[in-house]
Chemist: 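Pasting a structure below so you can have a look.
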Amino acid sequence: METRLLGPGFAAEVRGIGLADVAERDDAYADVRAAFEAHSVLLFRGQPVTNELQLAYSKRFGPLEVAKAASRGEGTPYSILTNVEPDGSLVPPDHKEALRARANQLWHTDSCFKDPPALASVLSVRIIPDRGGETEFASMRLGWERLPQATPAAKASARPAVTSAADFDAVLPTRFLLDFIRHDR
């Protein structure tokens with residue numbers, strides 16, 4: 001297995017092994033888990049991903065969440081985000097899937113507010129649009145490491161916390177805020 005760095009300090013493409021290897025072999029999982037810990041985001045290109053393969057790969061990293069009620073994939077480990085109806089037509093702009101798609105364009109992190117928080121999200125693309133569809137990533141570990149050296153005392157007495165709060169003015173009724181909460185509060 002080899003990795004090729006993609007981002008400024010995090011994110012890497014995995015080459016030489018695939019999702020099926022990770023799902024089936026302990027040595028492949030160990031290599032990919034070490035790469036995940038080192039790079040935070042891993043990209044596997046050109047993988048023929050099925051629901052079954054994504055499930056087997058994902059289970060290697062720990063217990064899976066079940067999709068919430070009233071979402072596509074409800075009661076399964078799949079959170080299905082789409083703006084395409086089963087008949088191939090696009091959903092109208094006021095459809096809940098269109099609203100969910102717009103909300104997912106806002107900065108967010110999946111399940112970080114749960115106890116325990118999610119280790120990772122495993123994303124797969126089944127239909128690639130001609131335009132749009134970009135996904136951006138950030139590394140909180142790298143951000144923490146890159147805080148100015150003048151702040152070691154603040155870093156020592158602070159801990160990161162992610163909370164959710166109602167926001168009825170936004171597209172989605174929940175938004176995620178990053179607060180640094182001092183231990184002495």
Side-chain angles (χ1 to χ4, degrees), residues 1-67 73 76-81 104-126 128 132-164 175-183:
M1 181 186 102
E2 63 181 79
T3 56
R4 184 178 71 86
L5 294 178
L6 298 173
F10 76 104
E13 178 181 353
V14 175
R15 296 177 174 176
I17 64 172
L19 301 177
D21 299 314
V22 176
E24 297 167 4
R25 298 186 0 232
D26 291 341
D27 64 322
Y29 167 72
D31 289 345
V32 166
R33 179 63 186 255
F36 171 70
E37 294 297 337
H39 303 292
S40 300
V41 175
L42 299 179
L43 172 65
F44 292 82
R45 291 187 197 269
Q47 301 286 309
V49 180
T50 63
N51 287 349
E52 295 75 22
L53 178 56
Q54 184 164 345
L55 185 64
Y57 172 85
S58 299
K59 283 182 174 179
R60 292 302 299 248
F61 291 84
L64 305 181
E65 294 179 12
V66 174
T76 74
Y78 306 107
S79 293
I80 302 167
L81 304 175
N104 271 302
Q105 293 175 14
L106 302 173
W107 183 90
H108 70 280
T109 186
D110 297 336
S111 300
C112 61
F113 55 89
K114 294 184 177 181
D115 187 22
L119 171 69
S121 293
V122 178
L123 309 177
S124 65
V125 178
R126 307 300 171 90
I128 300 173
E134 297 85 3
T135 298
E136 297 177 320
F137 297 93
S139 172
M140 289 192 55
R141 286 187 285 195
L142 189 60
W144 185 260
E145 290 170 10
R146 290 185 175 176
L147 283 174
Q149 291 301 317
T151 59
K155 284 173 70 173
S157 65
R159 64 182 171 86
V162 180
T163 60
S164 63
R175 70 170 189 246
F176 302 100
L177 306 173
L178 175 64
D179 296 322
F180 286 95
I181 302 171
R182 294 199 174 275
H183 288 294

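Note that the structure is predicted; figures quoted are calculated from it, not measured. Residue numbers run from 1 in the order of the sequence given.
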Chemist: Can you list every salt bridge (charged side-chain N to carboxylate O under 4.0 Å, His left out) pair that touches residues 9-20, not counting sequence neighbours?
Modeler: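 Residue pairs with at least one partner in residues 9-20: R4-E13, E13-R15, E13-R45.
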
Chemist: Measure the spacing between CZ of F44 and CD1 of I17 and express it to the nearest 0.5 Å.
Modeler: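 Answer for the CZ-CD1 pair, F44 versus I17, is 6.0 Å.
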
Chemist: CG/L43 to OG1/T3 distance, rounded to the nearest 0.5 angstrom?
Modeler: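 Between atom CG of L43 and atom OG1 of T3 there are 12.0 Å.
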
Chemist: Nearest 0.5 angstrom please: Y78 OH to S58 OG, how far?
Modeler: 8.0 Å

Chemist: Given 3.5 Å as the limit, does a donor-acceptor pair link the side chain of D21 with the main chain of G18, or not?
Modeler: yes

Chemist: Per the ring-ring contact (aromatic ring centres under 6.0 Å, His included) rule, what does the pair list look like for residues 12-43, sequence neighbours excluded?
Modeler: Y29-F61

Chemist: Could you list the residues that satisfy salt bridge (Lys or Arg N to Asp or Glu O under 4.0 Å) with R141, not counting sequence neighbours?
Modeler: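 Only E37 meet the salt bridge (Lys or Arg N to Asp or Glu O under 4.0 Å) criterion with R141.
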
Chemist: First locate atom CZ of R25, then atom CG of D31, and finally report the distance between them rounded to the nearest 0.5 Å.
Modeler: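 Going from the CZ atom of R25 to the CG atom of D31 covers 8.0 Å.
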
Chemist: Could you report the tightest heavy-atom contact between A138 and F10, atom names first, then the distance?
Modeler: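 Heavy atoms only, the tightest pair is CA-CZ, 3.8 Å.
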
Chemist: Which pair of heavy atoms, one from A12 and one from L6, lies closest together, and at what distance?
Modeler: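 So the minimum-distance heavy-atom pair works out to C-CD1, 3.7 Å.
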
Chemist: Can you name the closest pair of heavy atoms from P8 and L142 and give their distance?
Modeler: O-CD2, 3.4 Å

Chemist: How close do R146 and G9 get, heavy atom to heavy atom, and via which atoms?
Modeler: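 So the minimum-distance heavy-atom pair works out to NH2-CA, 4.0 Å.
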
Chemist: Hey, are the side chains of Y57 and V49 touching, using non-hydrogen atoms and a 4.5 Å cut-off?
Modeler: no

Chemist: Can any side-chain N or O of Q54 pair as donor or acceptor with the backbone N or O of V122 at less than 3.5 Å?
Modeler: yes

Chemist: So which atom in A35 and which in M1 form the shortest heavy-atom distance, rounded to 0.1 Å?
Modeler: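 Taking every non-hydrogen atom into account, CB-CE, 3.8 Å.
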
Chemist: Testing the basics here: between L19 and Q47, what is the closest heavy-atom pair and its distance to 0.1 Å?
Modeler: N-OE1, 3.1 Å

